[in-house]
Every structure is written in structure tokens, then in C-alpha cells.
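In what follows, a structure is listed as C-alpha cells, so that the remarks can point back to it.
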There are 2 protein chains.
Amino acid sequence: MNQLLEKRGLRATPHRVRIAQKVLQEHCHFTAEDICGWAGGLKKRLSRATVYNILNEFVAVGLLKSFYSSALGKTIYDSNTENHFHLYDTDKDQILDVDPSLVTVNTSGLKGYRIDQIEILMKGRRR
Amino acid sequence: MNQLLEKRGLRATPHRVRIAQKVLQEHCHFTAEDICGWAGGLKKRLSRATVYNILNEFVAVGLLKSFYSSALGKTIYDSNTENHFHLYDTDKDQILDVDPSLVTVNTSGLKGYRIDQIEILMKGRRR
DNA sequence: GAGTATTTTTAGATTCAATCTAATATTAAA
DNA sequence: TTTAATATTAGATTGAATCTAAAAATACTC
């Protein structure tokens with residue numbers, strides 16, 4: 001975990017390591033408040049500013065992605081940094097990752113523009 | 001304009017008519033603050049609460065759509081209520097409508113889910 | 001019409017996520 | 001050490017959006 005951080009140019013401070021362990025071990029979606037509210041097994045709670053600082057650093061160096069969820073009204077951090085799309089399960093009120101291989105998008109009709117990025121949010125539910 | 005509102009069950013009050021004229025005549029993107037800041041040729045300026053009330057009523061009855069733009073950090077109201085996608089022109093810092101016929105999406109790989117809605121935001125620029 | 005009920009509009013307060021500030025603490029470098 | 005650079009912090013601030021409770025406008029009944 002320390003090398004992971006340092007490889008990206010971030011000093012492996014206790015706070016950063018702690019959050020990284022919580023958040024980078026497996027793919028998950030979470031909010032900044034989730035981390036603020038999480039004691040993390042330490043005596044002192046992380047300050048809100050620290051949480052936002054660290055999460056946004058992680059985003060800047062590519063350890064996290066973030067996006068704003070209209071449904072939830074806040075920024076969601078996503079430890080899946082691979083290219084993928086999102087499916088909001090309206091039944092479970094939960095955001096799921098969708099492998100891009102399951103969805104094909106063809107933008108070749110869009111002449112005159114160079115598309116750099118495509119964000120797709122689907123809404124649906126189990127059938 | 002009055003019938004348009006009443007057909008949707010909204011009384012054609014002067015404020016609603018005024019905003020409808022500003023906003024529903026042709027396809028456009030705008031924020032609530034755009035409307036608040038707009039005098040509208042009237043003596044008294046619209047209160048912020050009224051603007052939000054009316055815009056959200058318009059959304060509720062299908063006269064407008066709205067979506068949150070992460071790039072701009074606020075809710076965008078869209079008088080194009082047809083199914084369409086969005087292209088954020090990173091050069092011009094502007095959101096453009098994309099006719100859905102220009103983009104094909106195939107979600108048939110997503111087995112086990114019924115997709116009710118697809119939102120696509122592309123980022124790009126003129127080539 | 002007058003009187004009453006309902007709907008709209010309002011200014012200002014409030015909320016809430018997120019950022020900023022400026023001081024303190026920690027770590028690194030000389 | 002001493003000094004310089006980086007992290008962390010509590011609390012203030014911002015800004016979009018909503019809420020509140022009162023005033024204004026409109027519709028409805030007799």
C-alpha cells in the first residue's frame with residue numbers, strides 16, 4: 001500500500017494509508033461522508049478537510065474516480081478506475097458497475113467532433 | 001402559451017407565463033440563476049423561491065428536463081424534452097444536444113436487468 | 001358584488017455538500 | 001539540532017437548493 005501511494009507521488013502518511021486500505025482493496029462506491037463517519041479503528045476521527053483532501057488527491061493521481069450522482073445528490077468516489085459505466089438500481093437505490101464490454105456505443109454519427117470521453121448512466125432494475 | 005400550461009394542469013399565472021415564454025420557445029440550456037438574474041422586462045424581480053418552484057413544476061409536468069452538470073457544478077434545465085444525449089464541448093465550455101439517432105447504444109449484453117433509461121454525457125470538441 | 005377558500009409568490013432563514021483559511025503538527029532535509 | 005516543506009486540523013465560508021411562514025393574488029360560493 002505504501003509503494004502504491006509513493007509510486008503515484010504521494011507520501012505514505014498514516015492517514016492516507018488508512019484510507020487507502022479502507023477504499024482501494026476492492027472495488028467500491030462511497031461518499032466523503034462515509035469516510036468521515038468511519039472511525040477507522042483510530043482514536044481520533046479524521047477531519048472533514050483531510051478526508052476531502054486525500055480523496056481528491058487519490059482522484060488526481062488516478063487511484064480513484066469520482067462522479068456526481070443526481071439520484072443521491074452528492075459526489076460518489078469509485079475505486080474501480082477501469083473504464084466502465086454505471087447502472088443505478090432503482091429498486092435497491094444502489095449504483096452498480098457495468099463492464100463496458102456489455103454495452104456497445106457507436107458515436108460515428110457525430111461528425112465534426114472528436115469525442116474524448118463517454119459517461120453512461122443507466123437506470124433500471126432486476127427483471 | 002396559456003393553453004400549453006393549462007393543458008398540463010398549471011394555472012397560467014403571469015410569472016409562469018413569463019418564464020415559459022423565455023424558456024420554452026426554443027431549445028435551450030439554462031440554470032435557475034440565469035432566470036433569477038434575468039429581469040424579464042418586469043418592474044419587480046422574481047424571487048429565487050418562485051424561480052425554483054416554477055422550474056421544478058415545469059420539470060414535473062414534462063415541459064422541461066433537468067440534469068446535474070458536474071462540469072458546471074449545478075443543475076441545468078433543458079427545454080428539449082425529446083429523448084437526446086449531451087455533449088460537453090470542452091473548448092467552448094458549453095453543453096450541446098446530441099440527437100439519439102447519431103449514437104447507437106446496445107445494452108443487450110446486460111442480462112438480468114431491465115433498463116428504463118439511459119443517460120449519456122460525452123466530452124469532446126470540434127476537430 | 002362581498003366573503004371565504006385555495007393557490008401563488010415572497011424574503012429571508014436554513015440546509016448540506018464541499019471548499020477555504022490560517023494555525024498547528026508532522027515529517028524531511030541541511 | 002535548526003530549518004524548510006508537507007500534512008492535518010477545527011471552524012468559517014461558499015453556493016446551490018430547499019424550506020418556512022406570511023403576504024398577495026386568484027378562484028369559488030352565496
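- Put simply, the side chain of B:His29 gets close to the backbone of B:Ile95: a donor and an acceptor are under 3.5 Å apart.
- Here B:Arg8 does not pair with B:Glu57 in a salt bridge; the nearest charged N to carboxylate O distance is not below 4.0 Å.
- Among the atoms of the strands shown, only primed sugar atoms or phosphate atoms (P, OP1, OP2) are found under 4.0 Å from some heavy atom of A:Thr13.
- Between A:Glu33 atom CD and C:dT15 atom C1' the separation is 13 Å, expressed in whole Å.
- Taking atom OH on A:Tyr77 and atom P on C:dA18, their separation rounds to 6 Å, with Å as the unit.
- Here the nucleotide nearest the side chain of A:Asn53, chosen from D:dT18, D:dT9, C:dT19, is D:dT9.
- A side-chain donor-acceptor contact under 3.5 Å links A:Tyr68 to the backbone of A:Gly73.
- Between D:dT18, C:dT27, D:dA10, one nucleotide has an atom nearer to the side chain of A:Ser47 than all others, and that is D:dA10.
- Atom pair B:Leu10:CG and C:dT7:P shows a separation of 13 Å (rounding to whole Å applied).
- Nearest to the side-chain atoms of A:Leu46 among the listed nucleotides C:dT8, C:dT10, D:dT9 stands D:dT9.
- Residue B:Arg48 has its side chain nearest to D:dA17 when only D:dT8, C:dT9, D:dA17 are considered.
- Listed for the B:Ser79 side chain is a donor-acceptor partner under 3.5 Å among the backbone atoms of B:Glu26.
- Using a 4.5 Å heavy-atom cutoff, the side chains of B:Leu46 and B:His15 are in contact.
- Distance OH (A:Tyr52) to P (D:dA10): 15 Å, rounded to an integer number of Å.
- In this structure, of C:dA11, D:dT18, C:dT27, it is C:dA11 that holds the atom nearest to the side chain of B:Lys44.
- Rounded to whole angstrom, the span from the CZ atom of A:Phe58 across to the P atom of D:dA7 amounts to 12 Å.
- Rounded to whole Å, atom P of D:dA16 lies 15 Å from atom CD1 of B:Ile35.
- In this entry the distance linking OH of A:Tyr68 with C1' of C:dC16 reads 10 Å, nearest Å.
- When the side-chain nitrogen and oxygen atoms of B:His15 are compared with OP1 and OP2 of C:dT10, one or more of them lie within a distance under 4.0 Å.
- Within the 4.0 angstrom heavy-atom criterion, only backbone atoms of the sugar-phosphate kind lie near A:Thr75; the bases stay farther away.
- Residue-to-nucleotide proximity on DNA chain D shows that, of B:Asn56 and B:Arg11, the 5′-proximal contact is made by B:Asn56.
- When the nucleotides C:dT9, D:dT8, C:dC20 are ranked by their closest atom to the side chain of A:Ala49, C:dC20 comes out on top.
- The CG atom of A:Asp34 sits 16 Å away from the P atom of C:dC16 (whole-angstrom rounding).
- In the set C:dT9, D:dT9, D:dA17, C:dT9 carries the atom at the smallest distance from any side-chain atom of B:Arg16.
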